[in-house]
Amino acid sequence: MTLREHITELRNRLLKCVLAIVLGAVVGWIFYNWALDLLQKPFDTSVKELAAEQNLKPILTFTGVGDALTFKIKISALFGLILASPVWLYQLWAFIAPGLHRNERRWAMLFSAIATPLFVGGMAVAYWTLPKGLEILIGFTPMDIQNLITLPQYLDFVIRTMLVFGIAFLIPLVVVLLNMVGVVPASVLGKFRPYIVLVIFVFAAVATPSGDPFTMCLLAIPMCLLFFAAEVIAKINDKRKARKADELLAG
């Protein structure tokens, strides 16, 4: 395709992504109370632990007149992003797919199906770690000091944590895609495996908003396991390509 056709295709796919996210946000707006309870649950869990262990009682609050409306819009947008993840993940892959060979393009739907549970799974792991991360961070509050946390600030923390985990869980899939197009051979992955593991732990330490070792390990360890799985898939793919190349030479 020409540059103009590429830009047109990118625009059309972005429009589809935005439309899917907006529709998902409408659903999030309708189920706002349920979504609020879901997001507030990690905080409530950490508060119970802090009240029992350190006699701390942090409170979620609003400080501005328009904060309640802004907060509702943000929650709706977050759930729109989550609900629309199958759409925008597929659109991303479908935009890349035309540059691949015909036999590789057929994997578009499969990779979309894999990417969606990986993204959602990463966010689920983040949600599971939130109570402990919050407990560690709020636990530094000095005695006789009341910790008032604004809901928008709390939501930003939750969103950053969940998005970091969700995107991080997609990185091994990107490695497989790069291997399929011949950019990253499996031999390179094996050669640099120790350094990649080190980079993963450094990334987890920097990327996790809470910064505590517990959350860092719960991000880094699954990423390492997913990377090892991606390396195995890359080796299988390289052997398949080598076998086909030998068959062509023999023929």
Task: Closest heavy-atom pair and its distance - Met162, Ala126 - done: CA-CB, 3.7 Å
Open item on the list: Hydrophobic cluster membership, with links at side-chain heavy-atom distances under 4.5 Å among I/L/V/M/F/W/Y: are Val188 and Ile233 in one?
Closed with: yes
- [ ] Walk me through it: do Asp67 and Thr150 pass the test side-chain contact (heavy atoms from CB on, under 4.5 Å)?
- [x] CA-CA 9 Å; Asp67 283 354; Thr150 64; 5.8 Å; no
TODO: Could you pull out the closest heavy-atom pair between Cys224 and Phe201, with the gap in Å?
DONE: SG-CE1, 3.8 Å
TODO: Mind checking the CZ-CZ spacing from Phe227 to Arg193? Nearest 0.5 Å is all I need.
DONE: 7.0 Å
Open item on the list: Could you walk me through whether Val176 and Ile114 satisfy the side-chain contact (heavy atoms from CB on, under 4.5 Å) test, starting with their C-alpha distance in whole Å, then the side-chain angles of each, then the deciding distance to 0.1 Å, before giving a yes or no?
Closed with: CA-CA 12 Å; Val176 173; Ile114 295 173; over 6 Å; no
Task: Single-linkage hydrophobic cluster, 4.5 Å side-chain cutoff, Leu19 and Ile21 together - done: no
TODO: Indicate, with yes or no, if Leu189 and Tyr195 share a hydrophobic cluster defined by side-chain heavy-atom contacts under 4.5 Å among Ile, Leu, Val, Met, Phe, Trp and Tyr.
DONE: yes
Task: Minimum side-chain heavy-atom gap Val197-Phe228 below 4.5 Å - done: yes
Task: side-chain contact (heavy atoms from CB on, under 4.5 Å) assessment of Ile73 paired with Trp29 - done: CA-CA 7 Å; Ile73 293 174; Trp29 183 279; 3.9 Å; yes
Task: Side-chain heavy-atom pair Phe169, Leu219 within 4.5 angstrom cut-off - done: yes
- [ ] Evaluate whether atom NZ of Lys72 has more than 12 neighbouring non-hydrogen atoms of other residues, nucleotides or ligands under 6.0 angstrom away.
- [x] yes
Open item on the list: Nearest 0.5 Å, please: how far is CG in Leu38 from CG in Asn33?
Closed with: 12.5 Å
Open item on the list: Any heavy-atom pair between the side chains of Ile200 and Ile171 that's under 4.5 Å?
Closed with: no
- [ ] Indicate yes or no for a side-chain donor-acceptor contact from Trp88 to the backbone of Leu81 under 3.5 Å, with no hydrogens or angles considered.
- [x] yes
Task: Least distance between heavy atoms, Gln91 atom then Cys17 atom - done: CB-SG, 3.6 Å
Open item on the list: Let me confirm one number: the CG-CD distance from Leu148 to Gln153, rounded to the nearest 0.5 Å.
Closed with: 10.5 Å
- [ ] Look up atom OG1 in Thr45 and atom CG in Leu134, then write down how far apart they are to the nearest 0.5 Å.
- [x] 9.5 Å
TODO: Decide yes or no for Leu155 and Leu39: does some side-chain heavy atom of the first lie under 4.5 Å from some side-chain heavy atom of the second?
DONE: yes
TODO: Indicate if Phe157 and Phe62 have the same hydrophobic cluster label, given that clusters are the connected sets of ILVMFWY residues with side-chain heavy-atom separations under 4.5 angstrom.
DONE: yes
TODO: Any chance you could measure Ile82, atom CD1, to Leu163, atom CG, to the nearest 0.5 Å?
DONE: 7.5 Å
- [ ] Find out whether Val120 and Ser85 are in side-chain contact, i.e. whether some heavy atom of one side chain is under 4.5 Å from a heavy atom of the other.
- [x] yes
Open item on the list: Is it the case that the side chain of Asn179 and the backbone of Val175 share a donor-acceptor pair, with hydrogens and angles ignored and the cut-off at 3.5 Å?
Closed with: no
TODO: Determine the minimum heavy-atom distance between Phe203 and Ala168, stating which atoms define it.
DONE: CE2-CB, 3.8 Å
Open item on the list: Quick check on the hydrophobic clustering: are Val18 and Val27 connected, directly or via other members, by side-chain heavy-atom contacts under 4.5 Å?
Closed with: no
Task: side-chain contact (heavy atoms from CB on, under 4.5 Å) assessment of Asp156 paired with Arg160 - done: CA-CA 6 Å; Asp156 289 341; Arg160 287 200 307 271; 3.8 Å; yes
- [ ] To the nearest 0.5 Å, tell me how far Phe43 CZ sits from Ile138 CD1.
- [x] 5.0 Å
Task: Residue pair Pro222 / Cys217: nearest heavy atoms and the distance that separates them - done: CD-O, 3.8 Å
Open item on the list: Looking at every heavy atom in both Ser76 and Gly28, which two are closest together, and how far apart are they?
Closed with: OG-C, 3.8 Å
